[in-house]
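Report on the structure given below.
Just so it is clear, the structure is predicted and the values come from calculations on it, not from any experiment.
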Amino acid sequence: MIGANQVTLCPDRLWGAMAGNIFISYRHTDQAMARRLHTLLKERGVEAWYDEAIGTGEDWRGAIAAALEAAPYFVLLFSKAAAESEQIAKELAAATYSKKTIIPVRLADVSPAGAFLYELAARNWFDLFPDGDARMVKLADYLAALVRHGPDAMDAAQALRASLPPPTRPSMGSVLRRPWALGAIAALLLALIGGAAVALWPHPPATPRLAVMRFETLDTTEPYFAEGVADELISELSQVKGLDVTARASSFALSGGKATPAIASKELGATLVLTGSVRHVSGGLRVDAQLVQAPDGKVVWSQTFDRAEGDVLSLQRDIAVRVAQAADVRVSAPPPRQVDPAAYRLYLQARELGLSRTNDDWQPVRDLYRQAVDLDPIFAKAWAALASAEANLIEQKFDRSGGVYSDAMFAPVAAEIDKAIVLDGTLAEPYRARAMINVWLGHWSVAAKATAEAEQRGGDGSVFYRAMDYFQKSVDIRRRSAALDPLSAGTWNSLAYSCEYIADADCQLEAARRAYHLAPENVSIQRGLVRALTADGKKEEAWALLGRLKWMEQPSLQSRVLAYMAGHGDAPPTAEFLEAVSKGAAYIDTSVAALADMGRWDDAAALLDRWGPDSASLTFTLFRTQWARLRTKPQFWALMKREGLTDYWKQSGKWPDFCAVEPVCKHYQ
C-alpha cells in the first residue's frame with residue numbers, strides 16, 4: 001500500500017477524488033490540459049482522477065494515496081514545469097514501484113532529465129504536439145480502448161491499433177537525439193500484451209488509398225449480391241477518417257485481368273486493394289476477403305467469414321474494421337443491427353438498378369426500396385435510400401415549364417428522411433437528401449443545416465454550395481471526387497462544368513477531355529467539351545468536334561449557339577429564345593445562359609423579369625464568373641430577392657463567391 005511516507009505530495013496541484021481507472025499526474029500550471037483529458041475520457045465512459053471532486057476540508061493526501069493505489073493506469077502529463085517538480089518525480093517512482101502501467105504524455109518537446117530520465121528513458125511516449133487538441137482526442141480514444149480491453153488480450157492490440165491514428169513522422173535528427181521516442185505507441189502496445197519491445201518507425205503521414213474490387217460470385221450467389229457486398233464496403237469504408245477510398249465506378253471498372261494491384265496502383269493511385277468472394281453455405285454466407293499492398297501484391301490481411309445472411313451488415317462492419325486496422329486508421333461507428341435477408345436482397349437490387357439507371361427508371365428503384373422497408377421497417381439504410389429515390393422520381397416527373405415545387409409534394413420524402421434519422425443518426429444519406437430537396441424548394445437555411453449534418457457524417461455538400469454560388473468550395477469537393485473516382489466520366493463532367501463557373505479554363509478543359517475520353521457518346525459530355533474548348537480559345541478544334549459529332553446536320557438552338565461560340569455561323573435571334581420559352585420548348589435559365597454567352601446582357605436581364613415562382617428554373621446557372629455584367633442589372637437582384645437568396649446571404653453573413661470581386665454586391669449587403 002502506498003502511504004504518505006512513500007509519496008510526498010505538494011499542495012500546488014491536486015488530484016481528483018473520484019475513483020477511476022486512470023490516475024492523471026500533472027503540474028498545476030498544466031491544469032487546463034488535465035481538465036481537457038478528464039472531460040474527453042468521461043465522454044467515453046472512463047473515469048479518471050481529477051481535482052474538482054475534492055471537497056473543502058477533505059484529507060486530499062489520503063484520497064490521493066488511495067486513488068494511486070486503486071488506478072491501474074498512471075498518465076503523466078509531462079512539461080517543462082513537471083520536469084522541474086521533485087514531487088511529481090516521486091509520484092512517478094511510486095507508480096513504478098507499484099507496477100502501474102505508466103503512459104508518459106509530452107505536452108511540449110521537452111526531454112527527460114535527472115530522476116525522470118532514469119524512470120522514463122526506456123519507456124515509450126505519446127506526444128500532444130503538433131495539433132494538440134486533435135492529438136488529445138486520439139489520446140483519449142487510446143486510453144478508453146486500453147481501459148476497456150486490458151493489456152493482456154490480443155484484441156486489445158486490435159482495439160488500440162484502430163483507436164490511435166499514427167503521429168507525424170519525426171525528423172531523423174530528432175529521432176537520433178531521442179532514441180527512446182521511436183515508435184511510442186506501437187512499442188508500448190507490444191510491451192503491454194507481453195510481446196517484445198520492438199521500436200517501430202511512426203507511419204508516414206500520407207493517407208492510404210484503398211480500392212475495393214468487385215467481389216467474385218461463387219456457386220449460385222447472384223452477381224448483384226456479391227457486387228452489393230463490395231459496394232456497401234466502399235460506402236462503409238468511405239466514412240473512415242484517415243483513409244481514402246476509390247469510388248465504385250472506378251474500382252469496378254477494373255475487373256478480370258485488370259483487377260491487379262499493379263494496375264490499381266497505376267490507374268487509381270491505390271496503395272491497398274481489397275478483393276473477395278461471396279458464396280452461400282448451409283444456413284448463411286461465406287465471404288473470403290483479402291487485403292494486399294499495391295503495386296507489389298504483398299498480403300496484408302486475409303480472413304474467411306461465415307455468417308447468417310441476416311448478419312450481413314455486421315459482417316460488412318467487421319471487414320471494414322479489420323481493413324481500417326490494417327491501414328492503421330480507426331472505425332468508431334456503432335455496430336449495425338441485423339437485417340431481414342429478403343429485405344437486404346431487395347435493397348441491393350434497388351441499389352444496383354439505381355446505379356445503372358437511365359432517366360426514366362426511378363420508379364422501379366423506388367418500388368424495390370419500398371418493398372425492402374415493408375419487409376424490414378427498421379432498416380435505416382433502406383429508408384434513406386428510399387427517400388433519395390422518391391425525391392429523384394418526383395424531380396424526374398416534374399414539368400419545369402409549367403409548375404413549381406411545393407412542400408406538400410415532398411412530404412413523403414421528408415417523412416422517409418425522418419424515419420431513417422431516427423433509426424440511425426450516423427448515416428449521411430438522409431441528411432444529403434434533406435439538403436437536396438430543400439435546395440429545390442428554396443429553403444436555404446434548412447438546406448444549409450442539413451448539408452452541415454451530412455458533411456459531419458462523411459457526406460457531400462456540393463449541391464448546396466453550387467446553389468449558393470460557393471463554387472470554389474464545390475470545385476474543391478468535385479476535385480476530390482475526381483481523384484477518388486478517376487475512371488468515372490460523370491465525375492469528370494461534373495468537375496468540368498464546376499470549373500467553368502469559376503472561369504478556370506485549364507481545369508475545365510482537362511476535366512472535359514477526360515470525361516469525353518471515357519464516354520464519347522454522352523451528349524452532355526460532348527457539349528461540355530465544346531464549351532471547354534471555346535473557353536480555352538480553341539475555337540477551330542471545337543468546330544471540328546461539332547462536325548465529327550454531326551451536331552449541325554439537324555441544328556437546334558443549342559447547337560447553333562455552340563457553333564457561334566466556335567466562330568462559325570450566325571447567332572440565333574433573341575426573339576427565337578423568347579418564343580421557345582413562351583411555348584414551353586425551352587427553360588428560362590438555359591435561355592438566359594445562351595443570351596449571356598452571346599453577350600446580349602440587356603436581353604438576358606429582360607428575360608429575368610419573366611422568371612417567376614412558376615418557372616422552376618435553376619438560379620445557380622446565373623452565377624458564372626464570366627457573367628459579371630448580368631449581375632449589375634437590377635433584374636438579377638430582384639430575382640435573388642424573389643428566390644430568398646439575398647435574405648439568406650444577409651442572415652448567414654456568407655455571401656456568394658462573386659461578391660468577393662464584384663463591387664455591385666456592396667449595394668445589397
*Taking only residues two or more places apart in sequence, or in another chain, which ones meet Phe623 in a ring-ring contact (aromatic ring centres under 6.0 Å, His included)?*
Phe658

*Would you call Glu453 and Arg457 a salt bridge, taking side-chain N to carboxylate O under 4.0 Å as the test?*
yes

*Answer yes or no: is there an ion pair linking Lys538 with Asp536, defined by an N-O contact shorter than 4.0 Å?*
yes

*Is any NZ, NE, NH1 or NH2 atom of the basic residue among Arg513 and Glu510 found under 4.0 Å from an Asp or Glu carboxylate oxygen of the other?*
no

*Side-chain donor or acceptor of Asp485 paired with backbone N/O of Ser250 under 3.5 Å*: yes

*asked:* For residues 519-528, which residue pairs pass the side chain to side chain donor-acceptor pair (under 3.5 Å) check, not counting sequence neighbours?
replied: Asn493-Ser524, Gln526-Trp551, Arg527-Gln558

*Considering residues at least two apart in sequence or located in another chain, which fulfil the ring-ring contact (aromatic ring centres under 6.0 Å, His included) criterion with Phe464?*
none

*asked:* Regarding Asp244 and Arg480, does a basic nitrogen lie under 4.0 Å from an acidic carboxylate oxygen?
replied: yes

*Report yes or no: does Glu236 contribute a side-chain atom to a donor-acceptor pair with the main-chain N or O of Asp231 at less than 3.5 Å?*
no

_Salt-bridge present (Glu267, Lys258; N to O < 4.0 Å)_ = no

*Do the side-chain N and O atoms of Arg248 and Ser488 include a donor-acceptor pair separated by under 3.5 angstrom?*
no

_Salt bridge present between Glu416 and Arg370 (N-O < 4.0 angstrom)_ = yes

_side-chain hydrogen bond (donor to acceptor under 3.5 Å, both in side chains) involving Thr646 - partner list, sequence neighbours excluded_ = none

*Do Arg631 side-chain atoms and Glu662 backbone N/O form a donor-acceptor pair below 3.5 Å?*
no

*With Arg466 as the cation and Tyr501 as the aromatic partner, state whether NZ or CZ is under 6.0 Å from the six-membered ring centre and within 45° of the axis.*
no

*Give a yes or no on whether the backbone of Val592 and the side-chain of Trp611 come within a donor-acceptor separation of less than 3.5 Å.*
no

*Any side-chain heavy atom of Val312 within less than 4.5 Å of one from Gln316?*
yes

*Taking atom types as modelled and ignoring hydrogens, do the side chains of Gln472 and Asp476 form a donor-acceptor contact shorter than 3.5 angstrom?*
yes

*Return yes if some donor-acceptor pair links the side-chain N/O of Trp492 with the main-chain N/O of Pro486 below 3.5 Å, else return no.*
yes

*Answer yes when Glu576 and Arg560 have at least one side-chain N-carboxylate O distance shorter than 4.0 Å, and no when they do not.*
yes

*Can you list the residues that meet the ring-ring contact (aromatic ring centres under 6.0 Å, His included) rule with Phe379, with sequence neighbours excluded?*
Tyr347

_Counting neighbours of CG on Asp570 that are heavy atoms of other residues, nucleotides or ligands and sit closer than 6.0 Å, is the number greater than 12?_
no

*Does Tyr516 reach the main-chain N or O of Gly528 with its side chain, forming a donor-acceptor pair under 3.5 Å?*
no

*asked:* Check this for me: does any side-chain nitrogen of one of Glu429 and Lys381 sit under 4.0 Å from a carboxylate oxygen of the other?
replied: no

*Using the test ring-ring contact (aromatic ring centres under 6.0 Å, His included), find all partners of Trp440 that sit at least two apart in sequence or belong to another chain.*
Tyr405, Phe410

*Taking Asn438 for the side chain and Leu441 for the main chain, is one N or O donor matched with an acceptor at less than 3.5 Å?*
no

*asked:* Does Tyr224, at its OH atom, have more than 12 non-hydrogen atoms belonging to other residues, nucleotides or ligands within less than 6.0 Å?
replied: yes

*State whether Asp597 and Arg624 are salt-bridged, where the test is any N-O pair (Lys NZ or Arg NE/NH1/NH2 against Asp/Glu carboxylate O) under 4.0 Å.*
no

*Any luck finding a side-chain donor-acceptor pair between Ser235 and Arg351 under 3.5 Å?*
yes

_Main-chain N/O of Ala211 paired with Thr246 side-chain donor or acceptor, under 3.5 Å_ = no

*Do Phe252 and Leu487 come within less than 4.5 Å of each other through their side chains, counting heavy atoms only?*
no

*Do the ring planes of Phe471 and Phe620 sit parallel (below 30°), tilted (30 to 60°) or perpendicular (above 60°)?*
tilted

